Amino acid sequence: MALKLYNTLARGKQEFLPLNPPYVGMYVCGPTVYGHSHLGHARSYITYDVLYRYLSYIGYKVKYVQNITDVGHLAGDRDVGEDKIQKQARLEKTDPVEIAYKYETSYFDDMDRLNVARPSISCRATGHIMEMIEHIKGLLDKQKAYVTKEGNVYFNVRSYKEYGKLSGRTLEEASEGERIEVAKDKINPEDFALWKAAEKEHLMQWPSPWGMGYPGWHIECSVMSNKYLGETLDIHGGGLENSFPHHECEIAQSEALYDKTFVRYFVHHNMLTVDGSKMGKSLGNFIILKDLFKKTDPMVLRFYILQGHYRSPLDFTDEALNASAAGFERLKNSIFSLRKTVTDDFQNSDSISEEDYPDIKRVKEDFLSAMDDDINTPIAISVLYELMKISNVELSSDDKDMNKLALINRLATLFAEEILGLKIGSVRSQSKEDELIELFIEMRNDFRKNKNFAMSDKIRDDLKGIGIILKDGSSGTTYSK
RNA sequence: GGCAACGUCGCCAAGCGGUAAGGCAGAGGUCUGCAAAAUCUCUAUCAGCGGUUCAAUUCCGCUCGUUGCCUCCA
């Protein structure tokens with residue numbers, strides 16, 4: 001059994017073999033920090049978080065690098081539009097650097113709530129201007145780029161014969177789509193900017209051998225991934241919409257300089273739509289995570305996202321989210337009941353083996369082979385439900401096998417929390433409130449024993465009134481808040 | 001206009017050559033003082049039309065529909 005990933009470069013699934021096992025270098029396109037994170041960010045970073053967790057689980061030492069784009073880029077190479085960060089700074093009447101820092105903090109705050117592990121290295125574009133300049137100089141030395149009299153530096157796409165190998169586009173196709181006027185100083189329309197000369201009023205600009213300016217919009221990923229992971233990355237992840245031109249240009253400018261394979265496995269996740277159409281500020285269906293979290297548990301969102309495969313388009317609707325919330329609630333309750341029964345004595349008994357329980361063994365194999373198959377989380381989750389079904393049956397048995405339950409508990413924790421990153425919570429962290437509820441349950445059960453159902457129902461109804469649901473099982477009363 | 005992807009039960013969503021996982025919702029049974037929970041059982045031939053094949057949801061073609069990329073975007 002081995003992990004297979006869909007490699008965009010190969011247009012198919014391939015067994016994952018890192019260059020220098022057990023080390024894995026993984027680079028994922030990070031956010032441009034000019035606004036609060038939205039649903040699309042959640043899908044993206046949850047996807048790579050699970051990949052990261054799974055790679056770690058199967059024994060790899062993963063160095064996970066993610067950039068923070070804090071240089072506001074123009075709309076492409078074409079001198080139109082405005083620097084996004086600068087624009088936001090103008091709107092908020094503050095400094096671009098302050099904007100970048102504010103939204104970077106906001107981003108990590110949202111990711112923390114989604115239980116997305118921090119990358120090993122988070123690097124900012126503005127901290128690597130020197131390296132970018134060096135990279136560009138290298139490309140100029142190799143005649144892969146040229147400087148124009150306006151002070152712009154462009155990559156000469158025709159000098160790199162493999163351009164298009166990721167997206168499958170030819171140069172002709174790439175330029176046919178041009179709908180916006182091409183910058184006048186390019187030799188060929190498909191050439192892209194490595195360095196742009198800055199107007200005086202442009203707030204973020206740096207000195208360079210070609211005058212004051214700022215980096216082009218692809219260069220940071222090539223430069224920072226090289227700095228922290230070397231010339232060849234095992235995995236590069238990002239959104240499908242970035243495969244062309246962003247990733248295509250990254251490959252070109254990296255391979256042209258180093259003459260080495262830039263990326264072994266290019267992983268792209270699909271887009272998220274809202275109510276059937278692309279999420280966009282102008283479309284009025286733009287969902288900011290901070291707003292969503294006011295009414296939705298971040299773990300429900302995480303669960304919802306993982307119920308779809310990362311390479312399929314995912315449509316976000318309230319109805320579907322609610323269905324996931326109900327399903328996740330049931331899963332959590334099952335795990336709670338399990339944890340309540342499995343005592344501390346059994347918690348850490350590693351001697352119990354799934355070899356003794358064929359049904360559990362099969363579930364474990366199914367879960368791992370789902371993950372091995374291009375991180376198929378929807379199937380992994382369905383296997384988790386199977387595991388909880390086995391657990392529930394065992395829990396309601398008169399003659400519980402505590403070893404089996406402990407084993408199930410261990411696997412449930414491994415699958416749900418460690419690999420899928422779904423925080424379930426602990427029954428052990430009892431608050432005063434929980435102790436009080438337990439007290440009421442004891443009182444009520446005394447009433448029930450004495451057939452005083454008027455009182456026992458009153459307790460149950462009153463607790464329900466404040467949102468606490470009691471459930472009488474064969475092994476005692478449980479509750480959910 | 002060019003290039004892709006997708007269309008599977010009421011809803012969400014896997015599978016992608018050998019006659020359809022799972023979740024939500026729904027129906028019925030068991031358990032229970034009742035309720036809830038849990039559990040058991042039940043509910044689809046895969047947009048349409050052709051073709052390839054012993055065999056197609058799974059491959060090919062066409063049609064219809066939806067979405068995305070080609071311009072910053074996760």
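Since the structure is predicted, the reported quantities are computational estimates derived from the model, not experimental observations.
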Would you say B:A37 has OP1 or OP2 under 4.0 Å from some side-chain N or O of A:N392? no
A:K389 side-chain N/O to B:C40 phosphate OP1/OP2 under 4.0 Å: yes
Looking only at N and O atoms, is any donor in the side chain of [X] or the base of [N] less than 3.5 Å from an acceptor on the other one?
{"X": "A:N270", "N": "B:A5", "value": "no"}
{"X": "A:D315", "N": "B:C12", "value": "no"}
{"X": "A:R311", "N": "B:C6", "value": "no"}
{"X": "A:R460", "N": "B:A36", "value": "no"}

Which value, in whole Å, describes the distance between the [atom1] atoms of nucleotides [N] and [M]?
{"N": "B:U39", "M": "B:U32", "atom1": "C1'", "answer": "13 Å"}
{"N": "B:A44", "M": "B:U57", "atom1": "C1'", "answer": "11 Å"}
{"N": "B:U8", "M": "B:U67", "atom1": "P", "answer": "14 Å"}
{"N": "B:C49", "M": "B:C64", "atom1": "P", "answer": "15 Å"}
{"N": "B:G15", "M": "B:C9", "atom1": "P", "answer": "16 Å"}
{"N": "B:G29", "M": "B:A56", "atom1": "C1'", "answer": "38 Å"}
{"N": "B:A13", "M": "B:G17", "atom1": "C1'", "answer": "22 Å"}
{"N": "B:C24", "M": "B:C40", "atom1": "P", "answer": "13 Å"}

When all nucleic acid strands are considered with a 4.0 Å heavy-atom cut-off, which category describes [X]: base, sugar-phosphate, or nothing?
{"X": "A:S277", "value": "sugar-phosphate"}
{"X": "A:L331", "value": "nothing"}
{"X": "A:F453", "value": "base"}
{"X": "A:S382", "value": "base"}
{"X": "A:N322", "value": "nothing"}
{"X": "A:R330", "value": "sugar-phosphate"}
{"X": "A:K464", "value": "nothing"}
{"X": "A:G40", "value": "base"}

Round to the nearest Å and state the distance from [X] atom [atom1] to [N] atom [atom2].
{"X": "A:I305", "N": "B:A13", "atom1": "CD1", "atom2": "P", "value": "13 Å"}
{"X": "A:Y479", "N": "B:A37", "atom1": "OH", "atom2": "P", "value": "18 Å"}
{"X": "A:I381", "N": "B:C24", "atom1": "CD1", "atom2": "P", "value": "12 Å"}
{"X": "A:E248", "N": "B:A4", "atom1": "CD", "atom2": "P", "value": "14 Å"}
{"X": "A:K458", "N": "B:A35", "atom1": "NZ", "atom2": "C1'", "value": "17 Å"}

So, are [X] and [Y] salt-bridged, with charged N and O less than 4.0 Å apart?
{"X": "A:K290", "Y": "A:D110", "answer": "yes"}
{"X": "A:K404", "Y": "A:D359", "answer": "yes"}
{"X": "A:E92", "Y": "A:K102", "answer": "yes"}
{"X": "A:R448", "Y": "A:E442", "answer": "no"}
{"X": "A:R113", "Y": "A:D109", "answer": "no"}
{"X": "A:K464", "Y": "A:D461", "answer": "no"}

For the base of B:A74 and the side-chain ring of A:Y45, does the geometry meet a stacking cutoff of under 5.5 Å between centres and under 30° between planes? no
Residue pair A:A323/A:G308 against RNA chain B: nearer the 5' end by closest nucleotide is A:G308
Heavy-atom nearest nucleotide on RNA chain B for A:L272 versus A:P313: which residue maps closer to 5'? A:P313
Does the structure show a Watson-Crick or G-U wobble partner for B:A37, both distances under 3.5 Å? Name it, or say none. none
Using a cut-off of under 3.5 Å, enumerate the N/O to N/O pairs linking the protein to nucleotides 15-19 of chain B.
| residue | atom | partner | partner atom | Å |
| --- | --- | --- | --- | --- |
| B:G15 | OP1 | A:N376 | ND2 | 3.1 |

For the pair [X] and [Y], name the ring-plane relationship: parallel under 30°, tilted 30 to 60°, perpendicular over 60°.
{"X": "A:Y48", "Y": "A:H269", "value": "perpendicular"}
{"X": "A:W217", "Y": "A:H246", "value": "parallel"}
{"X": "A:H38", "Y": "A:H41", "value": "tilted"}

Would you list the pairs meeting salt bridge (charged side-chain N to carboxylate O under 4.0 Å, His left out) in which at least one residue belongs to residues 299-313 of chain A, sequence neighbours left out? A:D49-A:R302, A:R311-A:D374
